[in-house]
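Here, residue 1 is the first one in the sequence, and each next residue gets the next number.
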Amino acid sequence: MTQTTHPAAADRAASGFDATLVAAVLADARRARVRIYGVSGLQGCGKSTLAAQLAQAGRATGLQVVVVSIDDFYLDRPQRDALAREVHPLLRTRGPPGTHDLPLALATLDALRERRRVRIPRFDKLADRRLPESAWQHVAQADLVVFEGWFLATPPEPADALAAPINTLERDEDPDGLWRRHCNDALARDYPALWSCIDRLLVLQAPGFEAVPGWRWEQERTAQERDATRAGMDRVECDRFVQHYERVSRQALRTLPSIVDLLVPLDARRAPRIGP
């Protein structure tokens, strides 16, 4: 594992990472000759921003760069409704392990790796539905795929770690642990095949999970300011939403620094930290 640090050029990584850092990450991808470059980081840390900057910088050098998000492989709402009825009501909420269409994700990444023509799915988060195939992105071939997601490469927890709830959502809505066991089992059983598609992995490392609710709320407020007609969440709803991801997020914070290829520690403003 290599740890990369870089001075902050702005108060918030979401406004755009420093060009020197972007160039260094792109050079890492090109030097390693990877086909699929993973960018992992918790909600609101700036991973989508970094992925977009990497794509722009790569295209400026003549590379065909495609950005793929794990968010676009959510199971569609009817499928999650079925899981909610058959397994646990919390599986209606998209995002945690067990709520992704992994065969579709694997088929898409395999096609991109092999430079085959492929359609990349797109998910409408406001409608909570996958867009029809006619609206998917058509890609003829790609030199580099930037694959971003909030829990890429995170391993499952030991079974005994699941016993005690870690927040009010787990305590009140999953008192017997069925939901968290289902998610952990999926993480152990189903996701390693997807993680194996990643040739090299960068992690934007939050200073702690405590930063995530505020970061996610900033994202929500920004989205609502851009579109006043948007039916968004209030702060209470946003904080509850984030609790769906707390357990796996804390597991990512504990485990990923020792297994990733490139680690970029962030401060509370989402800017890369100076020093070790």
Side-chain angles (χ1 to χ4, degrees), residues 2 4 13-14 16-41 45-76 79 94-95 99-125 127 129-154 190-204 256 259-262 264:
T2 301
T4 296
F17 289 95
D18 184 89
T20 305
L21 175 64
V22 175
V25 174
L26 181 61
D28 179 67
R30 299 190 71 169
R31 183 166 53 247
R33 297 183 180 180
V34 303
R35 296 283 296 119
I36 299 178
Y37 196 90
V39 176
S40 187
C45 72
K47 59 187 175 295
S48 298
T49 298
L50 178 59
Q53 288 182 274
L54 288 172
Q56 183 178 28
R59 291 164 187 157
T61 69
L63 286 178
Q64 297 293 324
V65 184
V66 175
V67 175
V68 179
S69 173
I70 197 171
D71 292 357
D72 284 315
F73 298 107
Y74 292 139
L75 292 172
D76 208 348
Q79 295 169 289
R94 63 181 186 257
T99 63
H100 298 88
D101 187 334
L102 294 179
L104 178 61
L106 287 166
T108 301
L109 291 178
D110 284 346
L112 288 167
R113 178 185 295 282
E114 297 167 8
R115 299 176 186 268
R116 290 187 278 114
R117 186 179 299 275
V118 67
R119 292 182 175 184
I120 300 175
R122 289 292 180 253
F123 195 92
D124 183 340
K125 293 181 179 179
R129 295 296 304 265
R130 185 180 296 157
L131 293 174
E133 283 196 39
S134 59
W136 295 9
Q137 179 185 359
H138 290 246
V139 176
Q141 66 174 29
D143 300 315
L144 175 66
V145 179
V146 181
F147 180 37
E148 61 97 351
W150 72 275
F151 69 112
L152 300 188
T154 302
D190 302 329
Y191 287 79
L194 184 61
W195 305 156
S196 70
C197 294
I198 301 170
D199 299 314
R200 193 161 175 83
L201 180 67
L202 174 148
V203 167
L204 295 172
L256 290 185
I259 63 177
V260 300
D261 300 296
L262 205 62
V264 180

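- Remark: aromatic rings of W195 and F151 are close, center separation under 6.0 Å.
- Atom CD of Q56 sits in a sparse spot, with 12 or fewer heavy atoms from other residues, nucleotides or ligands closer than 6.0 Å.
- Between A55 and V67, the closest heavy-atom pair is CB-CG2, 3.7 Å.
- When V146, V68, V66, V145 are each tested for a side chain to side chain contact (heavy atoms under 4.5 Å, CB included) with I36, only one passes: V145.
- Between the CG atom in L21 and the CG atom in L50 there is a gap of 6.5 Å [rounded to 0.5 Å].
- The closest side-chain heavy-atom distance from V118 to L112 is below 4.5 Å.
- V203 is not listed as a side-chain neighbour of V264, based on a closest heavy-atom distance of 4.5 Å or more.
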Residue pair R129, D124: steps toward the salt bridge (Lys or Arg N to Asp or Glu O under 4.0 Å) verdict:
CA-CA 5 Å; R129 295 296 304 265; D124 183 340; over 6 Å; no
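- Rounding to the nearest 0.5 Å gives a distance of 8.5 Å between CZ of F123 and CG of L75.
- Put simply, CG on D76 and CG on D101 are 9.5 Å apart, with the number rounded to the nearest 0.5 Å.
- Listed by first then second residue, pairs satisfying salt bridge (Lys or Arg N to Asp or Glu O under 4.0 Å) with a partner in residues 140-154 read R115-D143, not counting sequence neighbours.
- At a threshold of 4.5 Å between non-hydrogen side-chain atoms, the residues R130 and Y74 do not count as touching.
- Once rounded to the nearest 0.5 Å, the distance linking CZ of F147 with CG of D199 reads 12.0 Å.
- Side chains of T154 and Y191 form no contact here, defined as non-hydrogen atoms less than 4.5 Å apart.
- No donor-acceptor pair under 3.5 Å is formed between the side chain of R35 and the backbone N or O of E114.
- Here the side chain of W150 pairs no donor or acceptor atom with the backbone of S40 at under 3.5 angstrom.
- Rounded to the nearest 0.5 Å, atoms CG (L109) and CD1 (I120) are 8.5 Å apart.
- Put simply, the side chain of Q53 gets close to the backbone of F17: a donor and an acceptor are under 3.5 Å apart.
- Residues Y37 and L26 form no side-chain contact, since every pair of their non-hydrogen atoms from C-beta on lies 4.5 Å or further apart.
- Sorted by first and then second residue, the salt bridge (Lys or Arg N to Asp or Glu O under 4.0 Å) pairs with a member in residues 60-73 read D71-K125, D72-R122; sequence neighbours excluded.
- Contact check for L102 versus L104: no side-chain heavy atoms found under the 4.5 Å cut-off.
- Checking side-chain atoms of K47 against main-chain N and O of V39 turns up no donor-acceptor pair under 3.5 Å.
- One finds the CG atom of L262 at 6.5 Å from the CZ atom of R200 (value rounded to the nearest 0.5 Å).
- Side-chain contact check for R119 and T108: no donor-acceptor pair (N or O, by modelled atom type) lies under 3.5 Å.
- When all heavy atoms of L194 and A105 are compared, the pair lying nearest together is CD1-CB, 3.9 Å.
- Contact between L106 and A193 at its shortest, heavy atoms only, is CD2-O, 3.6 Å.
- Heavy atoms only, all atoms of each residue included: C197 and D110 are closest at SG-OD1, 4.3 Å.
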